[in-house]
**Q** 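The structure's right below; bear with me while I get my questions together.
Worth knowing before you read on, the calculation uses all heavy atoms, side chains too, and leaves out hydrogens, waters and symmetry mates. All values reported here derive from a predicted model rather than from experimental measurement. Lettering follows sequence order; numbering is per chain, from 1.
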Protein chains: 2
Amino acid sequence: MGETLITNFEQINSELVGVFNNVMWIEEAALKQSLFKDLSIKDMHTIEAISMYEEKSASEVARIIHITPSSMTSAIDKLVEKGYVERRRSIQDRRVVKLGLTHKGRIVYRAHQGFHRDMARNFLEGMSSEDVTVVQKAIHNLMSYLTRLLQK
Amino acid sequence: MGETLITNFEQINSELVGVFNNVMWIEEAALKQSLFKDLSIKDMHTIEAISMYEEKSASEVARIIHITPSSMTSAIDKLVEKGYVERRRSIQDRRVVKLGLTHKGRIVYRAHQGFHRDMARNFLEGMSSEDVTVVQKAIHNLMSYLTRLLQK
DNA sequence: TAAAAATAGTTTGACTATCGAAGTAAATAA
DNA sequence: TTATTTACTTCGATAGTCAAACTATTTTTA
């Protein structure tokens, strides 16, 4: 590895760390400045995991965001109270609670998607289509590395 | 934008979100499997912010990780008790608390740096030096977008 | 098919991280 | 010298998390 490459690696490494260490906090701060001040970034991730179309059960959502079912219960309690989420008992299996977004929940979901898109757009700023393919490979590399770690 | 490019954008967007939503959790899980089970990912970020060489005050570290000075006090209390961090009163200004890593703190700091490097290496896997430059630009785009948001 | 086991979610109690407000000690300005 | 500001700490309140025990329902099994 030449000196320039090493320098590149160091810079990429340190900016990657910078992004990871700040992105959550920035998302939280953006929420607090928005119309949805009553949501934390964790609430937002719950709403994101519930998502728009497929119905999910409480425990499925808990698994996605890595909290226990009991924590899920109290998280959902608050989101229901604030009017973002609906609880419905499943008809097929009456033990199961199906979660869905209310109108207000859908609005904030879409707004948050917009935030993510802005981030992705800025990520790819000024890239040719060949460049985009390279970046796509990189982010895919990273995601599959993390998935691999997750499975261990 | 052609259809392929749109598809690329969607995939990059969704993997980017996937990375952000999972990386903290994976770092936490990796810590729990390591020799340093008594550290949370937030403890690790505190240690990271204290860093190896330059002495930093308690309030500087608090600013870096976005917590209040009072939260910093109790975070440091625990890291001191567990033997990762040292408190020293500044001689120049005896109100100031300078923070430093102990031997054990330095070991875990280096281990965590290794974790980051592995991530960066996987991110760049199979890339030519031209590709690396492209990826470097992308991650730099993202970091400066976030920095811009942060300043607002 | 009746009883036992498993599953989905909730409640409870304990613990931890966080904050803001008030307090202390030291430095700086008036 | 006194008043103000600064750096940190203490205190009390609040929110998120978990594990264990519990309820209701479904599935298995004897």
**Q** Side chain of A:S71, heavy atoms from C-beta onward: which of C:dA6, C:dG9, D:dC18 has the nearest atom to it?
**A**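 Between C:dA6, C:dG9, D:dC18, the one nearest the side chain of A:S71 would be D:dC18.
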**Q** The side chain of B:K42 lies closest to which of these nucleotides: C:dA17, D:dT17, D:dA24?
**A**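 Closest nucleotide among those given: C:dA17.
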**Q** When the ring planes of A:F20 and B:F20 are compared, do they come out parallel, tilted or perpendicular, using 30° and 60° as the limits?
**A**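 It falls in the perpendicular class, over 60°.
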**Q** Any donor-acceptor pair under 3.5 Å between the side chain of A:R94 and the base of D:dT25?
**A**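 No, no donor-acceptor pair under 3.5 Å.
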**Q** Return the 5'-most residue of the pair B:D93, A:H66 with respect to DNA chain D, ranking by each residue's nearest nucleotide.
**A**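 Nearest-nucleotide comparison on DNA chain D picks B:D93.
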**Q** Can you find a side chain N or O atom of A:S74 that sits less than 4.0 Å from OP1 or OP2 on D:dG16?
**A**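 Negative; the distance criterion is not met.
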**Q** Please check this pair: side chain of A:K98 against backbone of A:R87, looking for a donor-acceptor N/O pair closer than 3.5 Å.
**A**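 Not at all, since once roles are kept as given, no pair shorter than 3.5 Å links the two residues.
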**Q** Check the phosphate of D:dA19 against A:S70, side-chain N and O only, distance under 4.0 Å to OP1 or OP2. Yes or no?
**A**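 No, A:S70 has no side-chain N/O under 4.0 Å of OP1/OP2 on D:dA19.
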**Q** So what does B:K78 touch, heavy atoms closer than 4.0 Å: a base, only the sugar-phosphate, or nothing?
**A**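 Result for B:K78 = sugar-phosphate.
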**Q** Examine D:dT9: is either OP1 or OP2 under 4.0 Å from a nitrogen or oxygen in the side chain of B:R87? Give yes or no.
**A**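 So the side chain of B:R87 is within the cut-off, an N or O lying under 4.0 Å from OP1 or OP2 of D:dT9.
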**Q** Mind telling me whether A:H112 and A:H116 have parallel, tilted or perpendicular rings, with 30° and 60° as the class edges?
**A**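 Plane angle over 60°, so perpendicular.
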**Q** On a plain distance test, is the side chain of A:T73 in donor-acceptor contact with the base of C:dG9 below 3.5 Å?
**A**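 Such a pair does not exist between side chain and base.
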**Q** Does the A:S57 side chain pair with the main chain of A:V96, one donor and one acceptor, at a distance under 3.5 Å?
**A**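 No.
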**Q** NA contact type, A:S40, heavy-atom cut-off 4.0 Å: base, sugar-phosphate, or nothing?
**A**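 The answer is nothing, as A:S40 stays clear of every strand by at least 4.0 Å.
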**Q** On the nucleotide D:dA7, are OP1 or OP2 found under 4.0 Å from the side-chain N or O atoms that B:S59 carries?
**A**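 B:S59 to D:dA7 OP1/OP2: no side-chain N or O under 4.0 Å.
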**Q** Could you tell me how far apart A:M24 (CE) and D:dG16 (P) are, to the nearest whole angstrom?
**A**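 It works out to 16 Å between those atoms.
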